[in-house]
Amino acid sequence: MSSILFPIVTERLSLVPATVKLYLMELHDRPAFASNLNARVPEEWPPDQITPEVIEEFLGRMRTKDRKIWSFYWLLHQKSPELPVLIGSGGFLAHENGTLEIGYSVLPDYQNQTAGGHPTLKDGVCFGPPARLLGDR
């Protein structure tokens, strides 16, 4: 049974919410990770910036009661009947001072290409001014 809840799906891409269960599979059970994503996970996965230590940090932040991190996987849809391919991941983190940090990583083979008519990005992190998050009151 899939661990995916409410992915955002377009014609060419899916954004799949990361969960503790998916992160644990990514760390310890690659075949189960691919199966639960219903995607092909390339041999070069993960991108260089996403080390086991980074994933452990994400896990720790996701397990806190006052969760301030949201992350996701990017799947590129291939032409039928091929499985989608895991090409990147990203997310955002709300800091105590209200600053929103956005980070993402894309496998090198998929950088600077178009997906759904829009260019894909290189790896990066950006910081923004304080922002009101959905659910904040």
Side-chain angles (χ1 to χ4, degrees):
M1 180 174 194
S2 176
S3 300
I4 298 174
L5 300 174
F6 310 112
I8 298 170
V9 180
T10 69
E11 185 178 326
R12 294 282 316 264
L13 289 172
S14 292
L15 295 180
V16 177
T19 63
V20 169
K21 185 174 179 179
L22 281 171
Y23 273 136
L24 289 171
M25 284 186 270
E26 182 177 3
L27 284 173
H28 305 293
D29 191 346
R30 190 179 185 102
F33 177 57
S35 176
N36 275 267
L37 285 176
N38 194 30
R40 184 174 67 80
V41 177
E43 286 298 316
E44 60 272 17
W45 184 263
D48 292 339
Q49 299 79 2
I50 309 300
T51 63
E53 294 79 18
V54 168
I55 293 172
E56 290 289 350
E57 180 181 339
F58 292 164
L59 282 165
R61 290 177 183 264
M62 290 179 77
R63 288 175 171 147
T64 65
K65 184 176 181 179
D66 188 23
R67 182 175 169 180
K68 296 290 185 183
I69 185 172
W70 295 267
S71 57
F72 50 84
Y73 296 104
W74 299 357
L75 303 178
L76 177 63
H77 294 278
Q78 302 294 301
K79 300 208 185 294
S80 300
E82 296 179 35
L83 284 175
V85 178
L86 178 59
I87 64 168
S89 63
F92 53 97
L93 171 65
H95 292 281
E96 292 300 319
N97 67 0
T99 301
L100 188 63
E101 179 180 351
I102 302 170
Y104 53 89
S105 293
V106 178
L107 289 173
D109 287 349
Y110 297 93
Q111 293 179 8
N112 297 318
Q113 297 184 25
T114 59
H118 302 283
T120 59
L121 303 170
K122 287 189 170 189
D123 295 332
V125 175
C126 60
F127 296 89
R132 184 179 171 131
L133 299 176
L134 294 176
D136 283 354
R137 301 274 183 235

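Because the structure is predicted, anything quoted here is derived from the model rather than measured. The basis for the numbers below is simple: all heavy atoms, side chains too, and nothing from hydrogens, waters or symmetry mates. The first residue of the sequence shown is numbered 1, and numbering continues consecutively from there.
Atom CD1 of Ile50 and atom CG of Leu107 lie 10.0 Å apart (nearest 0.5 Å). In this structure, CD on Glu57 lies 10.5 Å from CD on Glu53, to the nearest 0.5 angstrom. Expressed to the nearest 0.5 Å, how far CG of Leu27 lies from OG1 of Thr51 amounts to 9.5 Å. Atom CZ of Arg61 is separated from atom CG of Leu93 by 4.5 Å, given to the nearest 0.5 angstrom.
Nearest heavy-atom pair across Leu83 and Arg40 is CB-N, 4.1 Å. Looking at every heavy atom in both residues, Ile87 comes nearest to Trp45 through C-CZ3, 3.9 Å. For the residue pair Pro42 and Val85, the shortest heavy atom distance occurs at CG-CG1, 3.6 Å. The heavy-atom pair separating Val54 from Gln49 by the smallest distance is CG2-O, 3.5 Å. The two atoms that bring Ala18 and Met62 nearest to each other are O-CE, 3.3 Å, heavy atoms only. Across all non-hydrogen atoms, the minimal contact from Leu22 to Phe33 is O-CD1, 3.6 Å.
Screening Met25, Lys21, Glu26 for a side chain to side chain contact (heavy atoms under 4.5 Å, CB included) with Tyr23, the sole residue that qualifies is Glu26.
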